[in-house]
Amino acid sequence: MPLISGRIQTLLQDPQATKVLATADKLGSPHIILDSTITSNEQGQIIYLELIETSQTNVNLVNSIWFKRKVAIQLSGTGEVYLIKGYPVYSIISGPLFEHYYKLCAARNPEFDLSTVWVIEPDEVSEDTYEARKSKERAEHPLVMHLDRLAK
Amino acid sequence: MMCAVSFQASGQTSELTLQEVLEKYNDVSPFVIIKSDITRRSFVYTDRALQALDKDKHQYQQRVLIGSNGDEHAAVPVSLLLRDGTSIIAMPSPGARNPYVVDRIDGKLYITDQGRVVEEVEYWYKPHYYDQFTSSGKPMWQVASARPQRLDIDPNSHCHFWSGGNGCKFCNINANSTRSHKERNMEKQLKAQDVYETVKEALKQPGAFTNLKMSSGSILSGQEIFDDEVDMYIEMLQAAGDNFKERKFPSTLVASAFNERQLAKIYENTGLMTYTSDIEIPNEALFAWICKGKHKEVGYREWKRRIIAAVDIFGAGNVSSGIVGGCEMAKPHGIKDEDEALKIVLEEAEDFASQGVSMVHCVWVPMQGSAFHNQVTPSLEYYVQLAKGLSGIRQKYRLNIDMDNYRKCGNHPDTDLDRGIGGATFQCH
Ligand code: SF4
């Protein structure tokens, strides 16, 4: 069963969904971007289209693919939030797949000059709404809470 | 400086293996290390891997100045690309002692070493214009060759320095072009109209290229040495440039060391934006031995001075100089100790950088047809230290290498490394 399926796959194809990509540089300094064009391919891998060659995100993704460091994507629609962590596995800069996405970007906006097609292989997926995080906390750490919450 | 060669208890020397180098230099991109070693040790294809070559999709013949233009009867992929977009500029070399093996496993291509998978690879794709012909009937692939993101036009594949045995000892340009001319009727000189038409066709493919590079063998004739070479480039760059709507376009010239008058003439009359002239061996005594013709006609110091003078015309960050990394250790006159060789090379690179010129290296391949075809290259560790050293110098002097980066050229492990730091920023005019 692929990690990305069902609702998550649908959200990834939804341009209205909110999609945030978090990366870190060589020294661990974090960086995030909001990009509603993040999507997924048929293999359940995440596709991020980088438009700016020397952007901080691109440099961080380069370091992630070189040194096998994870990146994170937060995905949210109405009433649902998911957190996906994974490894960049391909940085595509030429060939037919690149050309396909290059044309796609140009169709979105003729100004867009695609730098890199990043393919991210998901490794962990979790629900990330407050409710989901809270119920996990209650289940795994029942001693961690204020007593007044339990008062009659 | 760390010694690249370790001593075993038996007293024999042994180089670190790829795995050991990857572990020791775990702050260096493993893709760059793997690329350097594949170039250094060369590779062969299994039959399974060769069957994956699709002649409609992949490149299997290419016009190159140095190396080999391929053999249409035995279609072999032109080269390889790694998962992170790193290019490998190498071809299988028949005399390789310990080559890697490209194999096809479960439908994917991998580079393997002694049966162990090292990394996934991909063959270079063929651009759309490749199988077309110019109006004069020239196959377009013989006019412009393509790296994964670069259009290469080499208008003259004959070098005058070879007359009287004065060619650079690592180079096989005239042997390669003579063979291709004889066996495949490939012209040594290009015509401007063919260049114009080929570039026009190449630009129709969306997102295919980020740079246009021109290079050639040196032409010594003219009123002053290289005057005819300069005029040829102006004609060819103008022909290519007629296809662009702006006068200047991302472009590189890798040429002889022109004087200021000649450089200004090219800059003012063409769309050229960046310039490289290779110092090849960054040491005067070794240059005099290995690049005998260049030393005799121009001299190491003048060659270097002219490259640095080009910064005033093209701007800092827009001039680089290439070296054949490791060739400084060629036998019998080369530097014997790797640490010492590295020190000499990096000191000279720093002197260039302090004057606005990036030094970039390729991995020396002792090629068939070159005077050094029987030589042995330094250790892999040497190349890792060289790439780190050159990249570090650029960082120190805040020189960006956009003109010769991982996708503009792909032949320099040191500039591949700059990608991981986003490149320094140096404003040029
Ligand atoms: S100058 Fe040297 S390296 Fe360049 S083409 Fe001539 S012989 Fe080869």
Side-chain angles (χ1 to χ4, degrees), chain A residues 23-29 31 33 43 45 48-69 71 86-121, chain B residues 22 25-35 54 56-59 79 81-87 108 119-128 146-151 204-211 250 395 400-402 405-408 410 416-425:
Chain A
T23 57
D25 74 5
K26 223 175 163 181
L27 302 172
S29 179
H31 187 77
I33 52 146
Q43 292 81 50
Q45 294 166 315
Y48 164 65
L49 303 177
E50 174 60 62
L51 299 175
I52 298 172
E53 174 68 30
T54 60
S55 74
Q56 191 62 57
T57 299
N58 209 31
V59 174
N60 292 356
L61 286 165
V62 167
N63 281 286
S64 295
I65 194 171
W66 284 357
F67 303 113
K68 294 202 176 89
R69 296 205 193 114
V71 299
Y87 296 99
V89 286
Y90 293 99
S91 162
I92 300 168
I93 58 155
S94 65
L97 199 68
F98 179 83
E99 191 173 329
H100 164 78
Y101 284 109
Y102 185 88
K103 288 180 187 158
L104 195 82
C105 286
R108 272 185 200 141
N109 182 340
E111 282 295 306
F112 287 169
D113 180 11
L114 180 65
S115 154
T116 313
V117 178
W118 282 99
V119 181
I120 299 164
E121 182 75 47
Chain B
L22 287 169
Y25 295 92
N26 59 12
D27 63 333
V28 177
S29 161
F31 294 93
V32 172
I33 297 176
I34 290 165
K35 162 199 181 124
D54 180 338
D56 290 329
K57 225 164 84 181
H58 301 120
Q59 285 191 54
S79 205
L81 197 61
L82 294 171
R83 270 191 305 125
D84 72 332
T86 295
S87 293
K108 286 187 171 183
E119 246 306 323
E120 192 177 335
V121 290
E122 204 178 1
Y123 297 154
W124 286 10
Y125 288 98
K126 182 155 73 170
H128 298 173
R147 288 192 180 172
Q149 283 269 286
R150 186 175 88 174
L151 200 55
K204 290 181 184 162
Q205 185 172 356
F209 302 105
T210 62
N211 195 34
Q395 253 186 289
N400 94 36
I401 193 66
D402 290 350
N405 70 7
Y406 77 102
R407 88 162 80 202
K408 288 277 162 65
D416 288 351
L417 289 182
D418 289 30
R419 185 183 171 199
I421 50 167
T425 45

Checklist entry - In terms of heavy-atom proximity below 4.5 Å to chain B, should A:Tyr90 be classed as side chain, backbone, both, or neither? => result both
Checklist entry - So which part of B:Glu122 gets closer than 4.5 Å to some heavy atom of chain A, the side chain, the backbone, both or neither? => result neither
Checklist entry - If you measure from CZ on B:Phe31 to OG on A:Ser91, what distance do you get to the nearest 0.5 Å? => result 9.0 Å
Checklist entry - Which atoms of A:Ile65 come close to chain B, meaning under 4.5 Å heavy atom to heavy atom: side chain ones, backbone ones, both, or neither? => result both
Next on the checklist: Can you tell me which portion of A:Val89 sits under 4.5 Å from chain B's heavy atoms? Options are side chain, backbone, both or neither.
Outcome noted: both
Checklist entry - Would a distance-only check, ignoring hydrogens and angles, find a side-chain to backbone donor-acceptor pair under 3.5 Å from A:Asn63 to B:Gly420? => result yes
Item to check | Check: B:Arg407 and A:Ser115 side chains under 4.5 Å, non-hydrogen atoms | outcome: yes
Item to check | From CG (B:Asp84) to OG1 (A:Thr116), nearest 0.5 Å | outcome: 10.5 Å
Next on the checklist: Below 4.5 Å, heavy-atom pairs only: which of B:Asn405, B:Thr86, B:Asp27 has the largest tally toward chain A?
Outcome noted: B:Asp27
Checklist outcome for this item: The interface call for B:Tyr406 against chain A, heavy-atom contacts under 4.5 Å, is side chain
Checklist outcome for this item: Applying a strict 4.5 Å limit to non-hydrogen atoms, the region of A:Glu53 in contact with chain B is side chain
Next on the checklist: Counting neighbours of CD on A:Gln43 that are heavy atoms of other residues, nucleotides or ligands and sit closer than 6.0 Å, is the number greater than 12?
Outcome noted: yes
Checklist outcome for this item: One option among A:Ala106, A:Ser94, A:Gly95, A:Cys105 has the most heavy-atom pairs under 4.5 Å with chain B, and it is A:Ser94
Checklist outcome for this item: When the 4.5 angstrom heavy-atom criterion is applied to B:His58 and chain A, the contacting part is neither
Checklist outcome for this item: Separation between CG (B:Leu81) and CD1 (A:Ile92), nearest 0.5 Å, reads 9.5 Å
Item to check | Which atom of B:Pro30 lies closest to which atom of A:Phe67, heavy atoms considered | outcome: CD-CE2, 4.3 Å
Next on the checklist: Distance check, rounded to the nearest 0.5 Å: A:Ile93 atom CD1 versus B:Thr210 atom OG1?
Outcome noted: 7.5 Å
